[in-house]
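The next block holds one structure in the form of structure tokens; read it before the comments.
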Amino acid sequence: MLAKNKTFQRLVGGGFLEQMGVNMLSRMQLWQMGTHKDPALIKFFKKIRRERKSLVTAREMFMVYSMSKSQADRPGDFAEVGVYQGSTARIMCEIKGDKRLRLFDTFEGLPKDSDKDPGVHRERQYACSVESVSKYLEAFPNISYHKGLFPDSTHDVPDADYAFVHFDVDLYEGTKACLEYFYPKMIPGGIMMSHDYSLLEGVKTAFTEFLADKPETVIELPETQCMVIKL
Ligand SMILES: C[S@@+](CC[C@H](N)C(=O)[O-])C[C@H]1O[C@@H](n2cnc3c(N)ncnc32)[C@H](O)[C@@H]1O
């Protein structure tokens, strides 16, 4: 566990206390961002936070928004693995226009963790049905839902190029599978971003191991996220 106090993480990890902490922090972040960012964007983030539960902070939402925007006019699809109630997917929808967005999730919560994970998560944590997410995003075109364990859920997905992909699966095996599947499919300059890189040991290990023999390096961001730009 990268965070200093593992017992504390176990107690609050993904539960009511963590959600409350993220909400309080996000309120402060939104107030601070409101002093210099587009007011409409702040309003948009506040709306998503009211509508859906998420452990993604307001600044992390901004990073997903900003990276999506930077890739929106480039060739290639968007994808997300780890959708939960659809907060970050909603942000990608706002930006993507007619682009294809593929959403991958068990829609039954987290799978079992491995010995490379810190042991702070429970199986089936963050379950949300595909029906609930597809209703939330029903106004947006060209979204496909891929229910099941990633990467098994990719078997009927057509080969495609990707401009921006967002990973938020919390665990080592899932993150490694995301990197293996998407890396060869990213356009040059395409962005792979992940939540929890500096918070969850399994996520960081997956990036470190995967990039060991690649020319790209990981770019760590100020909150828990990281990104890789495909060369
Ligand atoms: C923390 S939640 C995602 C949060 C979301 N991005 C948001 O905006 O709030 C993690 C999600 O990853 C999914 N997940 C984890 N490992 C997976 C895997 N190997 N295949 C499919 N879904 C997975 C879980 O079902 C859960 O919905």
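The structure displayed is predicted, hence computed values, not measured ones. Remember, it's 1-based here, ligands and their atoms both numbered in the order they're listed.
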Practice problem: Report yes if G82 has an N/O atom closer than 3.5 Å to an N/O atom of ligand 1; otherwise report no. | Solution: yes
Exercise. State whether the shortest distance between N or O atoms of F150 and N or O atoms of ligand 1 falls below 3.5 angstrom.
Key: yes
Quiz item: Of all the atoms in ligand 1, which lie at a distance below 4.0 Å from a heavy atom belonging to D168?
Solution: 1 (C), 2 (S), 3 (C), 4 (C), 5 (C), 6 (N), 10 (C), 11 (C), 12 (O)
Quiz item: Quick one: which ligand 1 atoms are inside 4.0 Å of a heavy atom on L110?
Solution: 15 (C), 24 (C), 25 (O)
Quiz item: Which of the atoms in ligand 1, numbered in the order shown and given with their element, are less than 4.0 Å from a heavy-atom of S54?
Solution: 7 (C), 8 (O), 9 (O)
Practice problem: Provide the number and element of each atom of ligand 1 under 4.0 Å from a heavy atom of G109. | Solution: 24 (C), 25 (O)
Exercise. With heavy atoms only and a cut-off of under 4.0 Å, state how V83 meets ligand 1: side chain, backbone, both or neither.
Key: backbone
Quiz item: Quick check: does any side chain N or O of T106 sit under 3.5 Å from a backbone N or O of G109, one acting as donor and the other as acceptor?
Solution: yes
Practice problem: Could you list the atoms of ligand 1 found under 4.0 angstrom from a heavy atom of Y84? | Solution: 2 (S), 3 (C), 4 (C), 5 (C), 9 (O), 27 (O)
Quiz item: Under the 6.0 Å and 45° cation-pi test, does R100 pair with F78?
Solution: no
Exercise. Return yes if some donor-acceptor pair links the side-chain N/O of D105 with the main-chain N/O of V81 below 3.5 Å, else return no.
Key: no
Self-check item: Location of contacts on P111 toward ligand 1, heavy atoms closer than 4.0 Å
Solution: side chain
Exercise. For T88, counting its heavy atoms only, list the atoms of ligand 1 lying under 4.0 Å from any of them.
Key: 5 (C), 6 (N), 7 (C), 8 (O)
Quiz item: Counting only heavy atoms not in K47, do more than 12 fall under 6.0 Å of its NZ?
Solution: no
Self-check item: Residue selection (non-hydrogen contact nearest atom 1 (C) of ligand 1) among L171, D170, L103, D196
Solution: D170
Self-check item: Over all atoms of both residues, closest heavy-atom pair of Q225 and Y197
Solution: C-CB, 4.2 Å
Exercise. Check for a donor-acceptor pair, side chain of Q125 on one end and backbone N or O of R122 on the other, with a separation under 3.5 Å.
Key: yes
Self-check item: Numbering as shown, the atoms of ligand 1 that approach S87 to under 4.0 Å (heavy-atom distance)
Solution: 8 (O)
Self-check item: Donor-acceptor contact below 3.5 Å, side chain T175 vs main chain L171
Solution: yes
Exercise. Go through ligand 1 atom by atom and flag the ones less than 4.0 Å from a non-hydrogen atom of G148.
Key: 20 (N), 21 (C)
Quiz item: Do V120 and L200 touch side chain to side chain, with heavy atoms closer than 4.5 Å?
Solution: yes
Practice problem: Using distance alone, decide if ligand 1 has a nitrogen or oxygen within less than 3.5 Å of any nitrogen or oxygen in T106. | Solution: yes
Quiz prompt | Closest protein heavy atom to atom 13 (C) of ligand 1, given as residue, atom name and distance to 0.1 Å | solution = D105 OD2, 3.4 Å
Quiz item: Taking D168 for the side chain and H195 for the main chain, is one N or O donor matched with an acceptor at less than 3.5 Å?
Solution: no
Exercise. If you have a sec, work out which protein heavy atom is nearest atom 14 (N) of ligand 1 and how many Å separate them, to one decimal?
Key: V169 CG1, 4.1 Å
Quiz prompt | Non-hydrogen side-chain atoms of Y145 and F104 separated by less than 4.5 Å | solution = no
